[in-house]
Number of protein chains: 2
Amino acid sequence: MSGAAGPGANLTALRSHNAALVLRLLRDAGEDGVSRPELAGRTGLTPQAVSKITARLRAEGLLAEAGQRASTGGKPPTALRLVPDARHAIGLQLDRDEVTAVLVDLAGTSVAARSAPFDFGAPAEEALAAATAEVRALLADAAAGGGLLGVGVAAPGPLDHGSGVLHRVTGFPQWDGFPLRDALADLLALPVVLDKDTNAAALGLVTAGTAESAAYLHLGTGLGAGLVLGGDVYRGARTDAGEFGHQVIQLDGPPCDCGNNGCLEALCLAAVARGDRTDAARLLGIGATNLVRLLDIDRVLLGGRMVLADPEPYVRGVATMIAEDSARASRPPVSVDVVERGERAVVEGAARLVLAPLFALG
Amino acid sequence: MSGAAGPGANLTALRSHNAALVLRLLRDAGEDGVSRPELAGRTGLTPQAVSKITARLRAEGLLAEAGQRASTGGKPPTALRLVPDARHAIGLQLDRDEVTAVLVDLAGTSVAARSAPFDFGAPAEEALAAATAEVRALLADAAAGGGLLGVGVAAPGPLDHGSGVLHRVTGFPQWDGFPLRDALADLLALPVVLDKDTNAAALGLVTAGTAESAAYLHLGTGLGAGLVLGGDVYRGARTDAGEFGHQVIQLDGPPCDCGNNGCLEALCLAAVARGDRTDAARLLGIGATNLVRLLDIDRVLLGGRMVLADPEPYVRGVATMIAEDSARASRPPVSVDVVERGERAVVEGAARLVLAPLFALG
DNA sequence: TGCACTTTGGCAACACTGTTGTCAAAGTGG
DNA sequence: CCACTTTGACAACAGTGTTGCCAAAGTGCA
């Protein structure tokens with residue numbers, strides 16, 4: 001690549017980093033808030049440093065006092081909490097036939113939402129206009145109280161997160177090479193971040209759980225994964241990571257569009273097509289087990305239209321297969337669930353693309 | 001886990017970070033050295049900050065001037081280079097039947113090496129005594145000029161990198177739960193870092209290439225992988241990541257010791273056992289392709305006794321399969337090679353476990 | 001040959017970070 | 001009632017990278 005050795009850190013970066021750490025703890029604590037001494041203990045910073053940092057954040061309106069806690073033998077600590085309304089972000093999901101937009105606050109809570117039919121196959125300008133119209137309408141509906149941080153866009157892959165350019169989306173060649181991020185940023189006059197829909201959903205997992213490593217498996221028209229490794233979304237150098245569906249699990253299996261034989265996606269979608277959800281779940285479970293073993297995953301979440309239509313057999317099937325394997329390998333159990341707020345997981349995750357830097361996540 | 005939000009950064013951490021960045025660039029530049037302005041450009045730090053940092057590092061003896069470069073229209077820049085002898089580290093590899101120890105300098109170059117027969121099945125104290133004797137003999141042979149930073153230990157997994165404790169090594173149940181890191185640290189009175197042999201070898205890749213993501217595939221008595229993701233070794237929460245051999249690639253395949261059917265390891269080792277290296281390479285290639293697609297890997301290196309005995313068919317087979325898949329997916333090519341310095345890859349990687357923090361790697 | 005220009009790299013002053021020392025406020029518990 | 005603990009602020013401090021300035025040492029054109 002550029003040959004750079006990663007960014008040098010200056011005092012500004014130091015400040016942002018520590019502020020983000022404090023904000024993350026405050027966000028995770030929710031309404032109850034956290035006391036200053038607790039923040040100090042959890043971050044490893046001195047109490048005085050925490051006092052300075054929280055004072056700055058309070059001046060920016062990002063946090064507020066939330067009453068006093070019970071004393072533990074001395075002066076009772078003052079709880080601090082995030083002020084969710086202080087900032088907002090927009091999530092925009094471009095799907096094959098629908099565009100969805102949400103306005104979320106700092107806590108990631110959805111404040112307003114809109115969706116409309118969408119033609120991903122339309123000419124770029126037309127589709128872009130439809131998407132921006134949706135965002136503008138959303139903002140008109142619910143004026144964002146605090147500052148608007150930007151727009152996070154989730155689209156089907158492949159695409160490049162770094163440059164914000166779409167690649168050859170299956171079935172929609174006209175988007176290949178289109179600089180979607182910059183085009184939207186110009187039209188909306190807001191910062192824009194672009195990512196794959198699976199990564200957006202995975203980003204929601206970073207927030208939701210304390211799990212260090214998690215995988216979001218999306219079974220829709222295709223089968224993809226969003227990976228959270230070591231607390232951050234893992235994209236790979238070209239945002240191509242997460243191609244979960246095209247792992248070969250049957251050497252002599254049926255041919256797949258990708259050119260290989262016995263891809264998990266082909267087998268799984270075939271099972272779905274013939275209505276055999278049990279077998280689809282079993283196949284998905286095998287792929288998930290491969291993933292868990294390879295990457296030491298703590299948590300698996302399932303999503304996508306096929307799963308959301310009838311989650312139970314999938315969750316049960318995948319959970320069973322992973323649990324059996326974990327037991328044999330005497331590994332701690334891995335939680336398997338449907339993604340929360342199913343249909344909204346991707347859009348709300350998209351909004352978090354914008355929020356993530358504030359909390360030193362991403 | 002602990003609920004901590006990652007460590008807060010203070011000024012000391014800031015200094016170490018920037019110093020490590022500079023050291024890494026100097027190490028990668030080798031004998032030729034790097035000029036201060038170039039360091040500034042690559043790190044993003046101001047020239048004056050680089051001057052201060054390099055002055056400190058020079059005072060510690062870690063770097064020295066390396067002559068003047070050609071002028072580019074002004075005062076000619078002074079090249080700075082790492083002083084490899086300034087510090088040393090020990091790498092220790094505990095294998096099933098052999099113990100190997102190397103002394104490496106800051107650049108990772110091997111200065112001295114020893115190896116001896118070893119019985120991993122012996123009682124812990126006995127094996128430990130043999131290992132420490134090997135290290136002491138190595139130090140007696142070649143007195144380390146600069147300060148000795150510590151010992152990096154590579155052992156067959158599973159084990160926990162964080163706590164330095166061995167888990168149930170296949171065939172050697174007596175090691176289960178043994179605190180190898182602390183035991184060795186006590187005996188040698190040196191800092192000790194413990195990691196899986198595959199991870200140690202993978203750490204060598206971080207150094208060697210500019211590849212952001214790489215995988216080291218080890219085909220020996222088993223089949224495992226060491227993963228480098230985003231420039232760092234990826235271990236997972238419990239150092240269990242890298243279980244590459246037990247991915248299912250043939251649903252109705254033969255049973256594997258792990259309890260599943262059609263594991264890559266079982267199929268691949270069976271092919272090796274019947275002398276069919278071409279098929280073994282093909283199977284390895286399928287697993288490698290799965291890995292490359294899932295994790296957007298740039299570089300694959302092959303190692304382990306089976307491969308090193310006759311590398312060519314493996315490299316060719318794996319390279320061909322990945323190349324075909326990459327071409328179909330119009331992805332940039334992935335380099336496939338035998339690991340350099342084959343037999344030594346793991347021990348020298350182990351030594352780098354100790355060096356890594358100096359260069360902000362790991 | 002002379003001179004304008006560029007680049008290097010050090011020194012001093014600076015703005016800002018987190019840290020330490022100190023102290024008042026406000027509780028608990030014997 | 002009083003000793004003790006904890007909270008959280010203020011002031012002084014050490015140390016970071018940054019900025020402004022300048023001498024040294026080259027290049028390249030007139």
Side-chain angles (χ1 to χ4, degrees), chain A residues 5-23 25-26 29 33-60 63-81 360, chain B residues 5-23 25-26 29 33-60 63-81 360:
Chain A
N10 52 24
L11 293 169
T12 314
L14 183 77
R15 171 165 73 171
S16 309
H17 175 81
N18 285 340
L21 241 47
V22 169
L23 282 176
L25 288 171
L26 286 166
V34 194
S35 68
R36 268 170 271 240
E38 197 177 344
L39 288 172
R42 300 259 285 254
T43 56
L45 297 170
T46 55
Q48 187 55 24
V50 171
S51 273
K52 277 191 175 180
I53 292 166
T54 53
R56 280 200 301 263
L57 293 174
R58 217 172 43 173
E60 294 176 48
L63 58 89
E65 299 197 339
Q68 300 217 325
R69 287 282 180 75
S71 165
T72 59
K75 177 174 177 177
T78 314
L80 300 171
R81 64 171 179 79
Chain B
N10 52 24
L11 294 168
T12 313
L14 183 77
R15 170 165 73 171
S16 308
H17 176 81
N18 285 340
L21 242 47
V22 169
L23 281 176
L25 288 170
L26 285 167
V34 193
S35 68
R36 269 171 271 239
E38 198 176 344
L39 288 172
R42 301 260 285 254
T43 55
L45 297 169
T46 55
Q48 187 56 24
V50 171
S51 274
K52 278 191 175 181
I53 292 166
T54 53
R56 281 200 302 263
L57 293 175
R58 218 172 45 173
E60 295 176 48
L63 59 88
E65 300 197 337
Q68 300 217 324
R69 287 281 182 75
S71 165
T72 59
K75 177 173 176 178
T78 314
L80 299 171
R81 65 172 178 79

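Per chain, numbering begins at 1; letters A, B, ... match sequence-line order.
- Contact check, A:R36 against D:dT6: no side-chain N or O comes under 4.0 Å of OP1 or OP2.
- Relative to the side chain of A:Q48, the nucleotides C:dT20, C:dA13, C:dA15 differ in distance, and C:dT20 lies closest.
- For the pair B:L80 and B:L26, the tightest heavy-atom approach, listed with the atom from each and the gap, is O-CD2, 3.2 Å.
- A:P77 approaches A:S35 most closely through the heavy-atom pair CB-CB, 3.7 Å.
- What separates NZ of B:K52 from C1' of C:dG10 is a distance of 11 Å, to the nearest Å.
- Checked options A:I53, A:L21, A:L39; the residue passing with A:L45 is A:I53 (criterion: side chain to side chain contact (heavy atoms under 4.5 Å, CB included)).
- One interatomic measurement links the two molecules: CG of A:L11 to P of C:dC16, which rounds to 10 Å at whole-angstrom precision.
- Residues B:S51 and B:R36 share a closest heavy-atom pair of OG-CD, 3.7 Å.
- Put simply, CG on B:L39 is 12 Å from P on C:dT8, counting in whole angstrom units.
- Within the 4.0 angstrom heavy-atom criterion, only backbone atoms of the sugar-phosphate kind lie near B:T78; the bases stay farther away.
- Taking 4.0 angstrom as the limit, A:S51 places none of its side-chain polar atoms (N or O) nearer than this to OP1 or OP2 of D:dG8.
- For the atom pair B:T43 OG1 and B:N18 CG, the distance stands at 7.0 Å (nearest 0.5 Å).
- Closest non-hydrogen pair, A:P76 versus A:Q68, comes out as CG-OE1, 3.3 Å.
- Between B:R15 and the phosphate of D:dT16, there is a side-chain N or O to OP1/OP2 separation shorter than 4.0 Å.
- The interatomic distance linking A:L14 (CG) with D:dT18 (C1') rounds to 15 Å, in whole Å.
- Atom-to-atom, CD of A:E65 to C1' of D:dG8 comes out at 11 Å; the value is rounded to the nearest Å.
- Residues A:V22 and A:V34 form no side-chain contact, since every pair of their non-hydrogen atoms from C-beta on lies 4.5 Å or further apart.
- Distances were taken from every side-chain heavy atom of B:P37 (C-beta onward) to each of C:dG9, C:dT17, D:dA9; the shortest belongs to C:dG9.
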With the criterion being N/O to N/O and under 3.5 Å, what pairs connect the protein with nucleotides 26-30 of chain C, and how long is each?
unit_1: C:dA26; atom_1: N3; unit_2: A:K75; atom_2: N; d: 3.4
unit_1: C:dG27; atom_1: N2; unit_2: A:G73; atom_2: O; d: 3.2

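- Put simply, CD on B:E38 is 16 Å from C1' on C:dG9, counting in whole angstrom units.
- Within the 4.0 Å cut-off from OP1 or OP2 of C:dG18, at least one side-chain nitrogen or oxygen of A:N18 is found.
- Taking 4.0 angstrom as the limit, B:R56 places none of its side-chain polar atoms (N or O) nearer than this to OP1 or OP2 of D:dG15.
- At C:dG9, none of the side-chain N or O atoms of B:R58 fall inside 4.0 Å of OP1 or OP2 (strictly under the cut-off).
- Between A:T46 and C:dG18 there is no side-chain polar atom (N or O) within less than 4.0 angstrom of OP1 or OP2.
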